[in-house]
Protein chains: 2
Amino acid sequence: MPRRTAADDGQPRLATIRDVAQHAGVSVATVSRILSGTYPSAPSTRAKVMRAVSELDYVANAHARGLAGVRPKSVAIVVNSVISPHYAHVAQGVQEEAAREGRLCIVGTTGGDPERELATIGLMRQEQAEAVIRVGNIVADDAYRERMASIARALARAGSQLVLCGRPPLGPDVPAIGVEYDNTAGAHAITSHLLSAGHRRILCLGRRSGYTTPDSRIAGYRAALAAHRVPHDPGLEVDGTMERGEGYRMMRERLDRGSGPRDFTAVFASNDLIAAGVRDVLRERGLRIPDDVSLVGFDDLPPAADIDLTTVHVPHEELGRIAVRLALRGETPGAAQRVLLGTHIVVRDSVRRLRGV
Amino acid sequence: MPRRTAADDGQPRLATIRDVAQHAGVSVATVSRILSGTYPSAPSTRAKVMRAVSELDYVANAHARGLAGVRPKSVAIVVNSVISPHYAHVAQGVQEEAAREGRLCIVGTTGGDPERELATIGLMRQEQAEAVIRVGNIVADDAYRERMASIARALARAGSQLVLCGRPPLGPDVPAIGVEYDNTAGAHAITSHLLSAGHRRILCLGRRSGYTTPDSRIAGYRAALAAHRVPHDPGLEVDGTMERGEGYRMMRERLDRGSGPRDFTAVFASNDLIAAGVRDVLRERGLRIPDDVSLVGFDDLPPAADIDLTTVHVPHEELGRIAVRLALRGETPGAAQRVLLGTHIVVRDSVRRLRGV
DNA sequence: ATGAAAGCGCTAACAA
DNA sequence: TTGTTAGCGCTTTCAT
């Protein structure tokens, strides 16, 4: 049976390398070689081929090419949501570094759904990305960790390097690179900052048990209290997700609850978004920052500068850049390694020094 | 030559469907059918196959599957940068709708580089995504438009639908769906808002000739002035990109320049980021909003609410959702269609009503 | 219900 | 320098 061509039916077809070869009067191998550019060829042949390519508007089929053994030069990043500034900034760093290394960057999103996360990473694995970078906190659940570990192994087998960004490592025997920043130290530092200013009753908003990021931050908060020998009042810790609306809700409920005087002088929000929500409530109630209430956050993302928030700076882009660098430089895909980046406090104008300190 | 297997060399190999078939003692066709799930099969066979799959940790190779004619269920979105809130929000909408439709969502970034844009879209085309959604303003350059048009045609030929989000259509004969929002009307409305409050000298920041989005907004600004019979002073229009730092720079230079009294009472920033930068400068100089200077923006993205900015609300997520919906619902890939979404003013607290109005 | 075999479009030996 | 051809892993007729 003769090979099917565009003329066979009314349906338009994508031009294939065979069409190009035929059009240019050469063999498919010649076309392939000329397009790959890594081969010597006669200028006249080359010209014919290039003309055929542009006339037929030919683009190599990625699937066929991948099947034939060419590993796509790409890095993949998987985030919960792309509107979260932290993820977005890390993704930015990944993208910059990937571009610098001549790699394409593919972003997959999970919407926070573990099933979709697995599906998305599976897709990246199928796509044979050189590196798969997973950003964000996770449910620190054993079954889940086991699944991630097996994904890491599968990726390693497929020749891609898994990088976990801003989440705890899966264990020394799991072939994954961890690039983290120090949540606990950051929270410790900023809580100490409040304590040094004389605050003793510090409301802590955004606890979320089982999620690594808030967990570590709360741990830092508690450690700082302990270090300063300030009694820890569990009643000052409020559960909530790390969103602006949640910050608003938590603060409002807190203020509405007590009829007496406020039982705190400062608020530690487990991220800047929460802090922004808190600020909204305070302003609505006519409470000034820092005069009436001191407020600190965590992340140093856009809202922080807008609202003059003293907060913990996290090296977001740096995280992404280093993730790519390590994944690509590593000679062995599936190597285990761990990097911990530092954080630092950015002092703006949201903390009041209490009298007598 | 016998087929190569994992035992042939020390190199680990990814399990293939053949390995699974062998392991389960069935044929590859059976494995394929069972995995696709759309075929009747004996429960015992099914069990054997599933066990082999999980033991070998098999994942179908996307390239092979794509080659064999299975169109991946995915939509692609191409943005300049993922840290830009507007793009991020549109991407969010795309992602939501794609997930709802059971599609995977791939995000490609271009960094604003036309070359990379072309390369990225080419990649999406190769990947055979059902829809390719391009978000953001473009250089309204003829050569560029011609290239996009030919890309649209190529995508249509490959069976994917191109959607242009928030950018002008390429022409009636180009097979692309356009989903836009009304920049000019929005700018007209908010400028009128200032004019109605008695402002006559309105500084306009963020002009960028040749870029569709700022161009349309500036056009709305001018149209509103004309409609109110307020003379248009080109000296009040300042060039700059739509970033916070640029807003800061433009405003500072403007304030530093004039030694006399300010020659404007209000500022129209062509987006909220610029407005945020403007606000930073004003605060540094001890100028209050809206008491000393009125300020409006455009976009209604996160910074706007933080800084109590009166601005134009753009339906970001909606844009993304509709883009996906149209692309997927359209029976003919490559259909031309156009949708224009409305905007509306969000009044906060950044405009002062001048005396005598 | 299952198997055998023909491609999908491309790359990379191997020949010429 | 160019052509021929054997796969890459999968799906899908066509047989059985």
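Numbers restart at 1 for each chain; the letters A, B, ... are given by sequence-line order, proteins then strands.
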*Please answer whether the main-chain N or O of B:Y39 pairs with a side-chain N or O of B:R33 as donor and acceptor at a distance below 3.5 Å.*
no
_Contact nearer the 5' end of DNA chain C, comparing B:L67 with B:P40_ = B:P40
*Step by step, would you call B:L35 with B:Y58 a side chain to side chain contact (heavy atoms under 4.5 Å, CB included)?*
CA-CA 11 Å; B:L35 290 182; B:Y58 168 77; 3.5 Å; yes
*Ignoring backbone atoms, test whether A:S27 places a side-chain nitrogen or oxygen under 4.0 Å from the OP1 or OP2 oxygen of D:dG3.*
yes
*asked:* Rounded to whole Å, please give me the gap between NE2 in B:H63 and P in D:dC10.
replied: 11 Å
*What is the distance, rounded to the nearest whole Å, between atom CZ of A:R18 and atom P of C:dC10?*
8 Å
*Quick one: A:R65 CZ to C:dC10 P, roughly how many Å, whole number?*
9 Å
Tabulated below should be each protein N or O lying under 3.5 Å from an N or O of nucleotides 13-16 of chain C; please produce it.
from: C:dA13; atom 1: N6; to: A:R33; atom 2: NH1; distance (Å): 3.4

*Do A:S84 and A:S81 have side-chain N/O donor and acceptor atoms under 3.5 Å apart?*
no
*Assign B:S32 to base, sugar-phosphate, or nothing according to its heavy-atom contacts below 4.0 angstrom with the strands shown.*
base
*Over its full length, what angle do the end axes of the helix from C:dA1-D:dT16 to C:dA16-D:dT1 make, each axis taken from five pairs and the result rounded to 10 degrees?*
40°
_Exercise: identify the closest heavy-atom pair between B:L164 and B:A176_ = CD2-CB, 4.5 Å
*Indicate whether the side chain of B:E117 and that of B:Y144 have a donor and an acceptor atom separated by less than 3.5 Å.*
yes
*Which distance, rounded to the nearest 0.5 Å, do you find between the CD1 of B:I17 and the CZ of B:R65?*
9.0 Å
*A:S160-A:E130 side chain donor-acceptor pair, cut-off 3.5 Å*: no
*Residues in side-chain hydrogen bond (donor to acceptor under 3.5 Å, both in side chains) contact with A:T45, at least two apart in sequence or another chain*: none
_B:A64 vs B:V26, nearer the 5' end of DNA chain C by closest nucleotide_ = B:V26
